[in-house]
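These figures come from a predicted structure and were not determined experimentally. Numbered from 1 within each chain, the chains take letters A, B, ... in sequence-line order. When reading the values below, keep in mind they use all heavy atoms of this one structure, side chains included, and skip hydrogens, waters and symmetry mates.
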2 protein chains.
Amino acid sequence: MAITIKDVARESGVNISTVSRALNNGYGVNPQTRELVLNVANRLNYRPNRVARGLVTGRSHSFALIVSDIRNPFFAEVARGAADAARSDKCDLVLCNSDLDPIRQMEYVKSVLEKRVDGILMNSVAALNPEEQRQLAECGVPIVLLNRSASNRAFSTVTADNEAGGVLAAQHLLKLGHRHIAHLTGPRQHGNMTDRTRGFVQTLLAAPEPVNPVVLYGAFNYEGCRDLTNKLLDHHPEITAIFAANDVMAFGTVRAAMDRGLRIPDDLSLIGFDNIEFSSVIHPPLTTIHQPKYEMGYAAVEMLMGLAKEKNNRTPESRVLGVELIERQSCAERH
Amino acid sequence: MAITIKDVARESGVNISTVSRALNNGYGVNPQTRELVLNVANRLNYRPNRVARGLVTGRSHSFALIVSDIRNPFFAEVARGAADAARSDKCDLVLCNSDLDPIRQMEYVKSVLEKRVDGILMNSVAALNPEEQRQLAECGVPIVLLNRSASNRAFSTVTADNEAGGVLAAQHLLKLGHRHIAHLTGPRQHGNMTDRTRGFVQTLLAAPEPVNPVVLYGAFNYEGCRDLTNKLLDHHPEITAIFAANDVMAFGTVRAAMDRGLRIPDDLSLIGFDNIEFSSVIHPPLTTIHQPKYEMGYAAVEMLMGLAKEKNNRTPESRVLGVELIERQSCAERH
DNA sequence: CTCGATACTGCAAACGTTTCCGATGTTATC
DNA sequence: GATAACATCGGAAACGTTTGCAGTATCGAG
């Protein structure tokens, strides 16, 4: 059917091994025959079969990206970074959506392992039981975890400096003179969230005039935080500033505030986390903590490619990337 | 290294061919030996090597998704649908971002062809010259194009009914009593855009009391449409309703209106296209034309999987999915 | 009891590469 | 001028499967 290395060997009168060497810029092949082979290959429109190649080399030049949902703008950005990094080394990315369902997650892992990917980038193993985690750690291919503090030493990680982000948010609010501050976040015990929360709360408590924030736990999404904000303001009308654990939650706060006739930032200061694209589009443009999402994806597969090359001595690495306060228009001085 | 079919064959005392048959639910294998083999495979934790399998069967069970940028929420949604469809048949998706750059696009096509994907889903071939398009059409694997009207009969397509969407938008604005209407869209000659524009304009012109809309061409993004809106309202202050070619553009219009002290929908009605997630989050929640993005992705790879199975007689198919008016709060009756 | 059909299984080729090894021819060294 | 080093190339094994073909055993029918 398709034309193979044999065809170009026959056509150029050499052995297939010579063709292979010529094509792979290999040494030990006469420049003239090399050029000849290249010409023939070109003329026949020869396309090497990478799966045959992979079978013998044992490397597939592809990586798996297992995220909870690519529709989450955060992961889309990470995915783009990951794909670009892969491309820079002629690798590619297979996309898997787990919805954080442990079953799906393990299914995908099994599937991509059978396809012999060279590494896996996944965003969470929290839902997995210890047995599954052990299984993962010993699966033979490098795995890097996204935005999980390196709790499990078996895996490599790349993460944003979530704690520093919390600190930044606290400092900003403090500087603006706020004294009645709340923090709205997701379910308790969510790994990287606690880092943000810790940085935020501790900074507030350690201030010259310490403030003890009220922190509420809810769902991680728009509606959840809309409800959470209403609950908060019902019980704590004195609050003048809110730190939401991510931008989408902050949007929920914006909506709740609007419904209550509160103006942002005049009546209520608000700060988010992530700096997703729409945080600058919404009204008012959201002050937030920027997470280097693209860079995280990029760094993660760079790390994977490095690990894939050293089959022996594969010690997990960890990398934490800096965050940044993006001042827009959702925060004001307390009046 | 990894354990292979030979290991389980040796361990269970049968030939590798029997193992293969037993594992593939093949007929012609004794139920007892089948169970034996299955047990051994399980005990040894055998994982079939899909690349070896692919080498002999000629099918890789993977598809390529080439979009301009996965960070575009539209494509993220499509990707999710595509990935889910692939998963339903134990296939997977490799993700490629072309930025609509013809070079990148062809590079990716070449790359995934060498990896022997079973099909390609791509969002545009408009940037490609005829020679490249011909090359694509004859590449040997099925290709379906996303949201391109079937201009090139060589490819399969799945698309939303863009023209109907334009009609819907026009009817809605007409019903609300608007007489001074504008349409803001992307660069001229953009394939599927002209469908939306045509449906919109023709419906307006064909009304009992025809209205001749002003249509402006600009860039496809937030900033572009913000500028476009300002230009529009500078020259046509009489306008009371705007149809933006997509939601992100509509967001730009929202921003421009706000800057000008115009209130939506009181002073200006606005209708978007796409129904991306954030269109319900923004203020005011955007009335828009819903495109079945997830379903489009899903349908596209279903189509690919079908085509992949019939190696012969591969006639391009086309499928157009319905759109829907989503009424929210950015449109009001003309007062 | 024989024979053909049937169920099961083994053998070996094939898929398209890479790569080790050895063969040959060429050049440099003394 | 012999030998060693080197460059170039071909032969063949290997990667881990699937699958067509043939062989054997079992079984029912006549």
Side-chain angles (χ1 to χ4, degrees), chain A residues 1-38 40-41 44-62 90 111 113-118 140-141 311, chain B residues 1-38 40-41 44-62 90 111 113-118 140-141 311:
Chain A
M1 191 63 235
I3 96 143
T4 79
I5 201 175
K6 287 179 196 168
D7 299 315
V8 8
R10 181 172 8 89
E11 195 75 10
S12 42
V14 300
N15 189 274
I16 60 167
S17 57
T18 304
V19 175
S20 175
R21 279 184 284 254
L23 258 26
N24 298 345
N25 308 5
Y27 273 142
V29 38
N30 190 310
Q32 297 183 16
T33 53
R34 174 160 194 271
E35 191 161 0
L36 168 66
V37 168
L38 256 42
V40 171
L44 296 190
N45 199 20
Y46 167 68
R47 297 278 162 244
N49 183 330
R50 303 264 171 218
V51 356
R53 179 181 222 263
L55 183 57
V56 22
T57 63
R59 293 194 46 190
S60 65
H61 288 271
S62 63
K90 297 180 177 317
S111 166
L113 284 179
E114 292 183 357
K115 290 251 174 54
R116 297 297 190 265
V117 295
D118 295 335
V141 315
K311 290 234 180 218
Chain B
M1 193 60 236
I3 95 143
T4 79
I5 201 175
K6 288 180 193 165
D7 299 316
V8 6
R10 181 170 11 88
E11 195 74 10
S12 43
V14 300
N15 189 275
I16 61 167
S17 59
T18 305
V19 175
S20 176
R21 278 184 282 254
L23 259 26
N24 298 345
N25 308 5
Y27 272 141
V29 39
N30 189 309
Q32 297 183 13
T33 53
R34 175 160 193 271
E35 190 162 359
L36 168 67
V37 168
L38 255 43
V40 171
L44 297 189
N45 199 22
Y46 167 68
R47 297 278 162 246
N49 184 330
R50 303 263 172 220
V51 356
R53 179 181 222 263
L55 182 57
V56 22
T57 63
R59 293 193 47 190
S60 65
H61 287 270
S62 63
K90 296 179 178 316
S111 166
L113 284 179
E114 293 183 356
K115 289 252 174 53
R116 297 297 188 264
V117 294
D118 296 335
V141 315
K311 291 236 178 215

N/O donor-acceptor pair under 3.5 Å between S12(B) side chain and V37(B) backbone:
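Answer holds: no.
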For [X] and [N], give me the distance from atom [atom1] to atom [atom2], rounded to whole Å.
X       : N       : atom1 : atom2 : answer
R50(A)  : dT18(C) : CZ    : C1'   : 13 Å
Y46(B)  : dG16(D) : OH    : P     : 10 Å
D7(B)   : dG16(D) : CG    : P     : 9 Å
R59(A)  : dG16(D) : CZ    : C1'   : 19 Å
R116(A) : dT17(C) : CZ    : P     : 20 Å
L23(A)  : dG16(C) : CG    : C1'   : 13 Å
I5(A)   : dG16(C) : CD1   : P     : 11 Å

Interatomic distance, L44(B) atom CG to I3(B) atom CD1 [nearest 0.5 angstrom]
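That separation rounds to 4.0 Å.
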I'd like to check N49(B) versus T4(B) (side-chain heavy atoms, cut-off strictly below 4.5 Å). Are they in contact?
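Result no, sub-4.5 Å side-chain heavy-atom pair not found.
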Can you tell if the side chain of R53(A) reaches within under 4.5 Å of the side chain of E114(B), non-hydrogen atoms only?
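When only atoms from C-beta onward are counted, E114(B) and R53(A) do not touch, as no gap falls below 4.5 Å.
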Nearest non-hydrogen partners of I16(B) and K6(B), listed with the distance:
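Reported closest heavy-atom pair: CG2-CA, 3.8 Å.
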Between the protein and nucleotides 8-15 of chain C, list the N/O to N/O atom pairs that are separated by less than 3.5 angstrom.
unit_1, atom_1, unit_2, atom_2, d
dT9(C), OP1, T33(B), OG1, 3.2
dT9(C), OP2, N30(B), N, 2.8
dT9(C), OP2, T33(B), OG1, 2.9
dG10(C), OP2, N15(B), N, 2.8
dG10(C), OP2, T18(B), OG1, 2.7
dG10(C), N7, S17(B), OG, 3.3
dG10(C), N7, R21(B), NH2, 3.0
dG10(C), O6, R21(B), NH1, 3.4
dG10(C), O6, R21(B), NH2, 3.3
dC11(C), OP2, N15(B), ND2, 3.1
dC11(C), N4, S17(B), OG, 3.1

Residues forming a salt bridge (charged side-chain N to carboxylate O under 4.0 Å, His left out) with E35(B), sequence neighbours excluded:
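E35(B) satisfies salt bridge (charged side-chain N to carboxylate O under 4.0 Å, His left out) with no other residue.
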